[in-house]
Colleague: 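Please read through the structure below; I'll follow up with questions.
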4 protein chains.
Amino acid sequence: MADGTPTVAVVGAAGYAGAIAAALLYRHPGFELRHVTARADAGQRLDDVHPRARVPLALEVFDIDAHGDVDAAVVCYPHGAAAPTVAALRERGVRVVDLSADFRLRDRAIYEDWYQPHGAPELFGGGIYGLPELHRDDVRGADLVANPGCYPTATLLALAPLARAGLIGDVIVDAKSGVSGAGREPTAATHFISADENLTPYKVGSHRHTPEIEQELAGLGAPVTVTFTPHLVPLAQGELVSCYVTPARDVDADELADLYDDAYAREPWVELRLGPPGVLDVRETNYCRLSVHFDPRAGRVMVFAAIDNLWKGAASQAVQNLDLMYGLDERAGLQ
Amino acid sequence: MADGTPTVAVVGAAGYAGAIAAALLYRHPGFELRHVTARADAGQRLDDVHPRARVPLALEVFDIDAHGDVDAAVVCYPHGAAAPTVAALRERGVRVVDLSADFRLRDRAIYEDWYQPHGAPELFGGGIYGLPELHRDDVRGADLVANPGCYPTATLLALAPLARAGLIGDVIVDAKSGVSGAGREPTAATHFISADENLTPYKVGSHRHTPEIEQELAGLGAPVTVTFTPHLVPLAQGELVSCYVTPARDVDADELADLYDDAYAREPWVELRLGPPGVLDVRETNYCRLSVHFDPRAGRVMVFAAIDNLWKGAASQAVQNLDLMYGLDERAGLQ
Amino acid sequence: MADGTPTVAVVGAAGYAGAIAAALLYRHPGFELRHVTARADAGQRLDDVHPRARVPLALEVFDIDAHGDVDAAVVCYPHGAAAPTVAALRERGVRVVDLSADFRLRDRAIYEDWYQPHGAPELFGGGIYGLPELHRDDVRGADLVANPGCYPTATLLALAPLARAGLIGDVIVDAKSGVSGAGREPTAATHFISADENLTPYKVGSHRHTPEIEQELAGLGAPVTVTFTPHLVPLAQGELVSCYVTPARDVDADELADLYDDAYAREPWVELRLGPPGVLDVRETNYCRLSVHFDPRAGRVMVFAAIDNLWKGAASQAVQNLDLMYGLDERAGLQ
Amino acid sequence: MADGTPTVAVVGAAGYAGAIAAALLYRHPGFELRHVTARADAGQRLDDVHPRARVPLALEVFDIDAHGDVDAAVVCYPHGAAAPTVAALRERGVRVVDLSADFRLRDRAIYEDWYQPHGAPELFGGGIYGLPELHRDDVRGADLVANPGCYPTATLLALAPLARAGLIGDVIVDAKSGVSGAGREPTAATHFISADENLTPYKVGSHRHTPEIEQELAGLGAPVTVTFTPHLVPLAQGELVSCYVTPARDVDADELADLYDDAYAREPWVELRLGPPGVLDVRETNYCRLSVHFDPRAGRVMVFAAIDNLWKGAASQAVQNLDLMYGLDERAGLQ
């Protein structure tokens, strides 16, 4: 960091999100990508494992002594595995954006109820929830940012203006995601023949993003129990949440339009539109594109939000957080 | 009909549903397919226009004098265009299954509010709503059957047990359909480049299947205003409805399981499953596959139902109705 | 077999081809499906593992004592594993259609060069190559039929008329297959994210169907070295071979049309067309659809043939062979 | 152009290639995108018609007086319509990259045989064939660059080293393209239901890219008649050419590797690989990725080349040409 450019490592760069984070940081004008690590794929070059990333660096097995020399790290490990690695990096003073759920929740009982015993309890609750549109100022000063889950990202951007306005009486979130959300591991569910031309709900009533959504909605003033159902859709990258809100009081289309315009007109990564978004509109971008609708027949508010689950739902949002942490424009490296 | 085999015509056989109806009836042991008609494609053989149907008959322009000699007809015209053709066929004594919306609604003001002035007002309300699982006995004696819309088919099968039990306090239907639901006309929306890798809500708050669903739910004892939102999904054939019901009273998983088991255990074309259905499970079949779930956290009932929008949602359900109208086993010609 | 209906087993019914073979035989008017076997999925019902097959039988681990009581078996094991199982079945007098390559080749050195040491050398060469359009009479009397590979099926149907007429001077086969050809095992290559929106050659210069194609072409009078390159295409089921033939002597479009018409006009499962076939035209059918073209500029003959790799390329062709072996119409159970 | 930054217009920016050209030039550090024109979509903003392009400019009907004030233009009109527009721009001194075929061929009889009477005969033959890897120096000084067709781009990059070495005895090109190659017009062929899960050859023996390939191969020393067959593949963007060359003399794998390494090791937009390329590897990039193979059994050379048909096959190659024309690094604006 002789020249002042912060150095970064992507830990777990062989997964889908990790590879994109590495690709973005490799070309980022404000960071120097120094290390990319992986387990099973160590020894290969990242651009052989993920040709599209075009990062000509060798993947190495993570070693805190070898890779802890950076200023910042993006950790792309599964839930549970992330916590001890994050703890080791923090101990060296490395600033971390963690893509797992390990530092997103603030109630350890809820974490352990939905996940497992926590792997770094001393750090539990020490992360800033890295949804910049909600917590921008906190992210700026943070040393440990918990990057939100993909579904919570889209859902919270869809619902935040309603939550803040006290308008959420009840909410149902019907979510749809492309297959990359299931990760790079080949399984029966990710086999082309299972997913192609198919469409199915999964983890009905039990998806782990539910408590994360509820925690953040409560923080915005809407302590509701969320009905959240994800569906698997036959496309690679993209996620749409369809939110059905029974308003807590009378509301009309004009008030809704004003609420959303006030919230998002100046946000660089939120595109507010009159018509419903398509996931293709935001593919391979950091944008969240959304629309709000009022159905006077049923007296219901509907909000639709589309993101790329691997970008705004993971890797590019991590870079947006890094930008904020280092005082850069949060569009840097993401255009 | 010398040998007693009823003769049939498929009017509008060049569309997706019409071609499948023709294919099913061409091979049906209980019917003789005598005519297939079309406008733009007249003069071609059906198996040139739709190779998969493998029906080696010439498409002719519909002419009541030439084609009104059959015992029964399946009419596959758009809304509005169907009514006068159905009227002409009925005048000749031809029994009709109509795939349009023209004879589904019983309140003409509602029809004309959501559609247009009706094209055969003397027949309005004279059709039996042809969802066999709900109206089997009426279909048996009917001369004019209004084949349900694809979304109402799946939604009503999903909700009927709850509606009959007085359990529907409030209901949201988030529906997803493959691209064939948009019809054979090439448009910007059906272009491969628009639909592929995309996913988007459409006709938010305004889809014409809404009053049809509400009419039938009311008939089952659940006079609710339905929030219904369809989404376009990148697959050819298949439809899933995700129904979120706030129950009108306390209920539990056991009661729900009993309700659905009672309703569907003996239905030949409904597959009740514990886990959520995938649309691929029912592709190119007359099955509706569904599951019912109770979320004790939110106190909400969720029902998921999958059909093939062109089969159970249109063509094969028309054949099921014809089977009933002619006293045949309603599995005939559909296995 | 008290009533004379032959009983059959599908050995290896949990794979894609095996499940389809079981589905076809379960509904076949001329056979009684008695057993379905599997290894990893034993204990489950076939219709839970493969809902679309709708075969409500339990999968059992294969046991020659328990399952060798049938008249015939369709063996759907990988190359190498098939041979000893086929031998055990033959020893009990069971007539076998084997879907592996173990009994397709007649030169054991070639087999062992492209595959491995043979697992039942005493039976090597004892199978009839079960492409009914070429070897119908031999199949009729056979006790062991080697079902052709998917690529050889399409390629040989495309080239047989030219081969018999001595017209093949040189031939290049550029083949394209949907992902189901890679089998049900989840791998990096069959992951949705690898295959979706992708297209790539594979096994360049080394695909094991090459010697099988060459053997059969030689048998038809065309002892050529074939350049054969398969490509993976982002669709589930379907296969197209594009054959480029430098003719051994002058030829013109009329002679070609006559040759193909003579060969295929009376074949129930070959559809000869003027325009090039699409794989969707034959999806989930036993048809091979093909067209022959002459390019006068380059003096070259082009033949395109489309099949469903799991049907005519595997399971339904196995049933066509069984039909012939038992003296049935070779359309039985396949319409 | 006060500050020396050349101004550009994209004429025909509402098509797929035009929108990408506009998106690249809007963000290009070396050009200022001043106008985007369209016919049917005039009056709309480009980012409403093509959200992914994110170009917030209004589409206007092309008018030489209004839009001829730029330094350079990329013309994205169909064959025939392009020529007079290009002529009008050239008359004003505007430097042009033309994406149509109107200025690619050098023999007017061949052009008029495969296309139609030429619309600007005084300019015929006045364009530089803009495949930078073959004609870089000529492009640098050109005022009119004929951007190559997508298939010729991939095919010529695949074959150029062999052509220059006198190695092409005979060549067959089996090409596969995603659906965007058929353009934005909704047609029966581009309907999702026609293309999805399908795969078919088209324009067998008659595709207009054939003479373009032959002209350029002849220019490289290989005056061969090419057998060229394109296929439509169910994906949005991507193109693969599989080239089968019967060598004019003995050759081996080492010589081939050296030939290709010499040709491409220093090319910024060609990725030479040992294993065959996938089209996904180059999606939304200006790269051509290729591999060369020798099959000693058949004595044949196989070359596989993948590009994105809308990028290196059209829009990004146009920008690469513009970069060269203005003395910029040919990677500018394309990373």
Colleague: Tell me, side chain or backbone of C:S180 under 4.5 Å from chain A's heavy atoms, or both, or neither?
Modeller: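 Both parts, heavy atoms under 4.5 Å.
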Colleague: Can you find a heavy atom in the side chain of C:R104 that is under 4.5 Å from one in the side chain of C:R208?
Modeller: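 Result no, sub-4.5 Å side-chain heavy-atom pair not found.
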Colleague: Look only at the side chain of A:H231 and the backbone of A:T200, and say whether a donor-acceptor pair between them is shorter than 3.5 Å.
Modeller: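 Looks like no, no N/O pair under 3.5 Å.
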Colleague: Is chain A contacted by the side chain of C:E197, its backbone, both, or neither, given a heavy-atom distance below 4.5 Å?
Modeller: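 Nothing of C:E197, per the 4.5 Å heavy-atom cut-off to chain A.
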Colleague: For the pair C:Y16 and C:H50, name the ring-plane relationship: parallel under 30°, tilted 30 to 60°, perpendicular over 60°.
Modeller: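 Answer is perpendicular, since the angle exceeds 60°.
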Colleague: What is the minimum heavy-atom distance between A:D98 and A:V75, and which atoms define it?
Modeller: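 Of all heavy-atom pairs spanning A:D98 and A:V75, the closest is OD1-O, 3.5 Å.
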Colleague: Under 4.5 Å from any heavy atom of chain C, what part of A:T190 do you find: side chain, backbone, both or neither?
Modeller: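 Looking at A:T190, backbone and side chain both touch chain C.
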